[in-house]
Amino acid sequence: MADMQENNKTKQSRRNFLKKAPVLALGTIAMAGCNSEYFQQNFKILSKEEKDKIVKNLEKKYSEKYGKKFSVSDKPAMDNTLFAYALDISRCVGCRRCVYACVEENNQSRDPQIHWIQVLQMNKEKGIDFHDADVHYNPDQVPVEGHFYLPTQCQQCENPPCIKVCPAKATWKEPDGIVVVDYNWCIGCRYCMAACPYGARHFNWGEPSIPNEEVNPVTHYLGNRPRPKGVVEKCTFCVQRTREGKYPACVEICPVGARKFGNLLDPNSEIRYIMENKRVLVLKEELNTQPKFYYFFGV
Amino acid sequence: MKFLRFLRDCLSIISTGSRVYYACLFFLTVLMIWGGFGYYGQLKDGLIVTHMRDSVSWGYYIGNFTFLVGVAAAAVMLVIPAYIYEWKPIKEIVIFGEILAICAVIMCLSFILVDIGSPERFWHMLPFVGTMNFPSSILSWDFFVLSTYFLINVIVVSYLLYTHFYKKEYKKSIVLPLVLISIPAAIGIHTVTAFLYNALPARPYWNSALLAPRFLTTAFCSGPAILILLFQVLRKTTRFEIKDEALFKIAELMVYTMFIYLFFTLAELFKEFYSDTQHLIYWKYLLFGSPQNREIALYSWASILMGFVAFLIFLIPSTRKNFFTLNIGAVLIYFSVYFEKGITLIIPGFTPDTLGQLYFYAPSVTEVRTAVMIFSGGALLFTFLTKIAIAILFEDFYFDTIRKKKAQQKRNAQL
């Protein structure tokens, strides 16, 4: 008899649990539901209204978090625009001002530190040779005798290997040629980082931190808005600026004018002038990534 | 209803056992909890508690994932020789091979889950609810083949055990096609996993057509190594019968695959070293490390040495047909492949990184603890499933005998 009762008891508790299970499941969903961001779909497939609503919510969230008024734009690409970049290797002195201008403009995490632009110091006798390059050069004064500098960042490939591998379509190429990431959709698998031949993609290994007084409140959803931990980010040619007709921050800051930017489809643009009058090269051309980031020798 | 009763009785099988069994469960649970707290820290603070960084963006987790795909694949590939050579306990070999495969696939998916930065967003890469990048992303292919493979194995194992439990004859027309599909699926999961790394021209170390064939050959060493050991234990402790010849045959087949693996590796090394291009730098790092840090070379040479000794043991008939040396060989080849897939396959692919920068990666304590959590969880599941299979197959654990036993107990209680 004792055995039977024992049996009944376990049966009952099991039944109780089974009764509770759906309630528990619903509860979890409901809790996650309070955080409507969790159920947001891939930004690329959303309608204009849905995008606007998300952007409004984000503005509110960021304004509260950083204590200043935030704007988050979702401005789409302009017609007849294909952005491209040119960098004059002969002028660059390796001062890294572009690196820090980029950090400030694009709200990169200060600790842990993220740099979208990496400047490589190379030996003149070796030429462009990554295996002989140094990112962590730290002399009293640049340029160092016998060296030249090669800044790298996202090369905004026409045939981007990173997009191909993303399992969730969380990164894509916009009509104006900019490769962007939906930080609300990226699952953080880092397959794109393995696929990128230019080390252009960076991961938020920890919770990103930006001091309130340094945060840039003028943002774009696909660009410089603050990111959560556990997602990938990268250079977007300052999409928040360039879609408003401004230059990227790195172009503006460069003290020697080594950085040029413009619309490839505009025959009168500076970038077209460089392509027609200078000899340009791209990095790792044999990989067929077709970068829209050209290097040239101006002088 | 009948199936529910089957499940319920399976639960009662795993909840009763000897003292050794409970000690085993306790030990594994303690390990899992210890590892789980490590993983909790990672969930809270992010992947920064690992030693992965932008330069080496994949590490120990992905290595373990790759290794376990191999284990999952090979366990089932043993079915091929079992059919060809008509080993008697073919049903048992299939069941235990597939149970190993089920546990390995679950561990694989767990390693992917702990590796991704935002695991709560995993559904984003699923079809229908998310936006799966199929067929472009190889990871989406991997998801499909792994889940298909998992389902096939779950169905075959539970169907075979279920019919045995109810003393019914299993229908060959159901089992045979599924087992036959599971063989190409096994090859498929490992090939697709190799393709994951293979076609990334940014990483020359993996960009060799021999990668997938090499994956298959190592898998055919590590999976059967576990089964050789398992079958001996089963033979000693249960009514499971497998002839010595069958075990030696498995070992003999392993020699062939080891030889092919050796040949592939030599071909790879010849191509790299004779070409002497800049891509050699990854192989040099693999074999000799870098002047600043030579830790990786320890693992690669340990793997090479263990593999080579195992190859000799399996090659020489007198050591192959001696269970003492055979078992040493099985353990050696298992760890050789574990080092190779877990550590020396992934890390040199990222060292130096695409811009030529060196970052020396070794797993952090959190990574090791998380891996311990997954391995002990997998072992726990494997213990449960094998216990069920042993009870049903060899300990006359049928539905009617249980009922009789329960009635007996009831009568005893009433008396």
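Every chain is numbered from 1 and lettered A, B, ... according to where its sequence line falls, protein lines coming before strand lines. Side chains included, hydrogens not; waters and symmetry mates left out as well; all remaining heavy atoms used.
- A 6.0 Å sphere centred on CH2 of A:W172 holds more than 12 heavy atoms belonging to other residues, nucleotides or ligands.
- In this structure B:F384 satisfies the ring-ring contact (aromatic ring centres under 6.0 Å, His included) test with no other residue, sequence neighbours excluded.
- Contact count against chain B (heavy-atom pairs under 4.5 Å) is highest for A:K229 among A:Q41, A:K229, A:K44.
- With a 4.5 Å cut-off on non-hydrogen atoms, A:I45 touches chain B through its side chain but not through its backbone.
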Before giving the answer on ring-ring contact (aromatic ring centres under 6.0 Å, His included), spell out for B:Y197 and B:F195 the whole-Å C-alpha distance, their side-chain angles and the decisive distance to 0.1 Å.
-> CA-CA 5 Å; B:Y197 314 106; B:F195 285 177; over 10 Å; no
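- Between B:F6 and B:F3, the distance separating the two ring centers is shorter than 6.0 angstrom.
- If you measure heavy-atom distances from A:P112 to chain B, the contacts under 4.5 Å come from the side chain alone.
- Contact tally against chain A (heavy-atom pairs below 4.5 Å) for B:S118, B:S55, B:P201: the top residue is B:S118.
- Side-chain rings of B:W283 and B:F273 stay apart, their centers remaining 6.0 Å or farther from each other.
- Contact count versus chain A (heavy atoms, under 4.5 Å) is highest, among B:S137, B:A202, B:G356, B:G46, for B:S137.
- Heavy-atom distances place the side chain of B:P352, and not its backbone, under 4.5 Å from chain A.
- Using a 4.5 Å cut-off between heavy atoms, B:V129 contacts chain A through its backbone alone, with no side-chain atom that close.
- Contact annotation for residues 183-198 of chain A against chain B (heavy-atom separation below 4.5 Å, listed by residue number): A:Y183, A:N184, A:W185, A:C186, A:I187, A:G188, A:C189, A:R190, A:Y191, A:M193, A:A194, A:A195, A:C196, A:P197, A:Y198.
- Counting heavy-atom neighbours within 6.0 Å of B:Y22 OH, excluding the residue itself, gives a total above 12.
- Contacts of A:K284 with chain B are made by side-chain atoms alone, with heavy-atom separations under 4.5 Å and no backbone atom involved.
- Counting heavy atoms from C-beta outward, A:V142 and A:Y149 have side chains that approach closer than 4.5 Å.
- Both the backbone and the side chain of B:L355 come within contact range of chain A, with heavy atoms under 4.5 Å apart.
- At most 12 heavy atoms of other shown residues, nucleotides or ligands fall within 6.0 angstrom of atom CZ in B:F37.
- Residues A:Y137 and A:H147 keep their aromatic ring centres 6.0 Å or farther apart.
- Look at A:E37 and A:K61 and you find a salt bridge, because one of the NZ, NE, NH1 or NH2 atoms lies within 4.0 Å of a carboxylate O, short of that distance.
- Chain B forms more heavy-atom pairs under 4.5 Å with one residue of A:P228, A:A168, A:G230 than with any other, namely A:A168.
- A ring-centre distance under 6.0 Å is found for B:F350 and B:W206.
- Of the two parts of B:I62, neither the backbone nor the side chain holds a non-hydrogen atom closer than 4.5 Å to a non-hydrogen atom of chain A.
- Ring geometry, B:H279 versus B:Y282: the interplanar angle falls from 30° to 60°, so the pair is classed tilted.
- Residue B:L139 touches chain A through both its backbone and its side chain, counting heavy-atom pairs closer than 4.5 Å.
- Note: A:P167 leads A:G206, A:C166, A:P167 in heavy-atom pairs under 4.5 Å with chain B.
- B:Q357 contributes a side-chain N or O that, together with a main-chain N or O of A:V135, makes up a donor-acceptor pair within less than 3.5 Å.
- Note: B:Y361 and B:H51 fail the aromatic proximity criterion, with ring centroids not under 6.0 Å apart.
- Per-residue counts of heavy-atom pairs under 4.5 Å with chain A were compared for B:M125, B:R121, B:H124; the largest is that of B:H124.
- Taking the six-membered ring where the residue is Trp, B:F215 and B:H190 present tilted rings, their angle falling between 30° and 60°.
- Using a 4.5 Å cut-off between heavy atoms, B:W141 does not touch chain A at all.
- Only the backbone of A:E207 comes within contact range of chain B, with heavy atoms under 4.5 Å apart.
- With a 4.5 Å cut-off on non-hydrogen atoms, A:E286 does not touch chain B at all.
- The candidate from B:L358, B:L196, B:I138 with the greatest count of non-hydrogen atom pairs under 4.5 Å with chain A is B:L196.
- Aromatic ring pairs are classed by plane angle as parallel below 30°, tilted from 30° to 60° and perpendicular above 60°; the pair A:F43 and A:Y221 is parallel.
- Each salt bridge (Lys or Arg N to Asp or Glu O under 4.0 Å) pair with one or both residues in residues 45-61 of chain B, not counting sequence neighbours, would appear here, but there are none.
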Just do the salt bridge (charged side-chain N to carboxylate O under 4.0 Å, His left out) check on A:E158 and A:K173 with the steps written out, would you?
-> CA-CA 8 Å; A:E158 265 306 280; A:K173 193 174 72 185; 3.5 Å; yes
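- Among the residues in residues 121-134 of chain A, those with a non-hydrogen atom closer than 4.5 angstrom to a non-hydrogen atom of chain B are A:D129, A:F130, A:H131, A:A133, A:D134.
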